[in-house]
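Remarks on the structure that follows.
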Amino acid sequence: MNERKERSIEELLFENETLKAENEAARERIAALHAERDRIASREEKMRRRLARELHDGPAQLLSAIVMSAQFAKQILTRTPEKLDKLTTELEELELLATKAFHHVHTMLFNLRPVTLATHGLVPTLESYVERLRLADDFAVSLKIKDFSERLDVKAEVAIFSVVQEAVGNARKHAHASHLELGMAKQDGNLIVTIRDDGQGFDVARVDRSYDQCGSLGLLKMRERAEMLNGEFSIESAIGQGTLVKLIVPLQASDGTDSGKMEG
Ligand SMILES: Nc1ncnc2c1ncn2[C@@H]1O[C@H](COP(=O)(O)OP(=O)(O)O)[C@@H](O)[C@H]1O
Ligand SMILES: [Mg+2]
């Protein structure tokens, strides 16, 4: 009788310990989930701030110039309606500003959600991306595609395109380039993606050394995406030398299965 009681107490104690351990594990999982949620929230916050800055620097400024231009045109009409050439010039200026704002907004929308990526794949998406960049930016943009037209796994396409977007974003933001060249080529079973600008360049090793403190994620995100693709990522740059961002993605896994290729 006593023996049975003791055993059941032992069992209860054991069960208690197990429950405690499970409880602790659950607590850890919850903490990890919270950390993940905070990370996502902070990424979103960064993205919102970036969007706000881009809206402010681009379309918002253009719109305020458009308002001024319209007011000026109205003034001409009321004060010197005979000066038609002046009015025409002002209206042409207004049209130009509005067109620029339109293209800028379009580029932003495209950056947020490149629909063609899922429907048409990388090559057409890059083509229309480059078209938009040409309309929105002052520097020359060229696109060279060699021996590559196939579709890859959608996830791979999204990852590759976001590396391009990030690298192009950096060139637009930091390089002060006059020429930007995007390249995509198939070589020895790899897809080689390059983004080259002829801008001011930067000291890569120095940026890397203090990257933890700079609060940026761009370079890190590109490296993460390359890793996800089992690819290689590199940046060649030096002050005054422009920048070359290169992503090499294996199209076939070493075991012979398709890595990046679309399934089915
Ligand atoms: N194409 C480029 N031309 C000049 N500087 C660059 C270029 N790309 C990156 N950089 C430098 O590397 C830094 C880190 O880039 P990134 O991680 O994307 O951060 P962010 O763009 O948010 O500043 C940039 O702040 C900039 O100084
Ligand atoms: Mg960046």
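Ligands are counted one by one from 1 in listed order, and the atoms in each one are counted from 1 as well. In what follows, every heavy atom counts, from backbone to side chain, and hydrogens, waters and symmetry copies are set aside. The residues of the chain are indexed from 1 along the displayed sequence.
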> Is a donor on one side and an acceptor on the other found under 3.5 Å between the side chain of S237 and the backbone of G242?
Replying inline: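 Yes, S237 side chain to G242 backbone: donor-acceptor pair under 3.5 Å.
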
Is there a side-chain contact between [X] and [Y] in this structure, where contact means two heavy atoms from C-beta onward sitting under 4.5 Å apart?
{"X": "V130", "Y": "L182", "result": "yes"}
{"X": "Y129", "Y": "V164", "result": "yes"}
{"X": "D137", "Y": "L180", "result": "no"}

>> Does ligand 1 come near enough to V207 that some N or O of the ligand is less than 3.5 Å from an N or O of the residue?
In response: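 Not met; the criterion fails.
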
> What about Y211: any of its N or O atoms under 3.5 Å from an N or O on ligand 1?
Replying inline: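 Such a contact does occur with ligand 1.
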
Could you tell me the residue and atom name of the protein heavy atom closest to [atom], and the distance to it rounded to 0.1 Å?
{"atom": "atom 22 (O) of ligand 1", "result": "S216 OG, 3.2 Å"}
{"atom": "atom 2 (C) of ligand 1", "result": "T243 OG1, 3.7 Å"}
{"atom": "atom 1 (N) of ligand 1", "result": "D197 OD2, 2.9 Å"}
{"atom": "atom 15 (O) of ligand 1", "result": "L219 CG, 3.7 Å"}
{"atom": "atom 12 (O) of ligand 1", "result": "F202 CE1, 3.5 Å"}
{"atom": "atom 8 (N) of ligand 1", "result": "N170 CB, 3.4 Å"}

> Where is the tightest heavy-atom contact between N190 and P250, given as atom of each residue plus distance?
Replying inline: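 Smallest heavy-atom distance, with atoms named: OD1-CA, 3.2 Å.
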
>> For R196 and T243: C-alpha separation, side-chain torsions, deciding distance, then whether side-chain hydrogen bond (donor to acceptor under 3.5 Å, both in side chains) applies.
In response: CA-CA 6 Å; R196 186 197 294 275; T243 300; over 6 Å; no

> Any idea which part of I235 is under 4.0 Å from ligand 1, heavy-atom wise: side chain, backbone, both or neither?
Replying inline: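 Neither; no heavy atom under 4.0 Å.
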
Distance under 4.0 Å to a non-hydrogen atom of [X]: what atoms of ligand 1 satisfy this?
{"X": "K173", "answer": "20 (P), 21 (O), 22 (O)"}
{"X": "A175", "answer": "3 (N)"}
{"X": "E166", "answer": "18 (O)"}

> Quick one: which of H174, R196, K221 has a heavy atom closest to atom 23 (O) of ligand 1?
Replying inline: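 Ranked by closest heavy atom to atom 23 (O) of ligand 1, first place is H174.
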
> Do other residues, nucleotides or ligands put more than 12 heavy atoms under 6.0 Å from Q75 CD?
Replying inline: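 Counting other residues, nucleotides and ligands, CD of Q75 exceeds 12 neighbours.
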
> Are there any protein N/O/S atoms under 2.8 Å from the Mg ion (ligand 2), and if so, which?
Replying inline: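 Protein N/O/S atoms under 2.8 Å of the Mg ion (ligand 2): E166 OE2, N170 OD1.
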
>> Test side-chain hydrogen bond (donor to acceptor under 3.5 Å, both in side chains) on E90 and S69; report intermediate values, then the result.
In response: CA-CA 7 Å; E90 198 50 44; S69 180; 2.7 Å; yes

> What distance separates L220 CG from C214 SG, expressed to the nearest 0.5 Å?
Replying inline: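 These two atoms lie 9.5 Å from each other.
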
> Nearest 0.5 Å, what's the NZ-CZ distance between K173 and R50?
Replying inline: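 It comes to 7.5 Å.
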
> With sequence neighbours left out, what residues match E157 under salt bridge (Lys or Arg N to Asp or Glu O under 4.0 Å)?
Replying inline: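 Per chain and number, E157 pairs via salt bridge (Lys or Arg N to Asp or Glu O under 4.0 Å) with R151.
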
> When you look at H120 and T125, which way does the side-chain hydrogen bond (donor to acceptor under 3.5 Å, both in side chains) test go after all the steps?
Replying inline: CA-CA 7 Å; H120 295 83; T125 304; over 6 Å; no

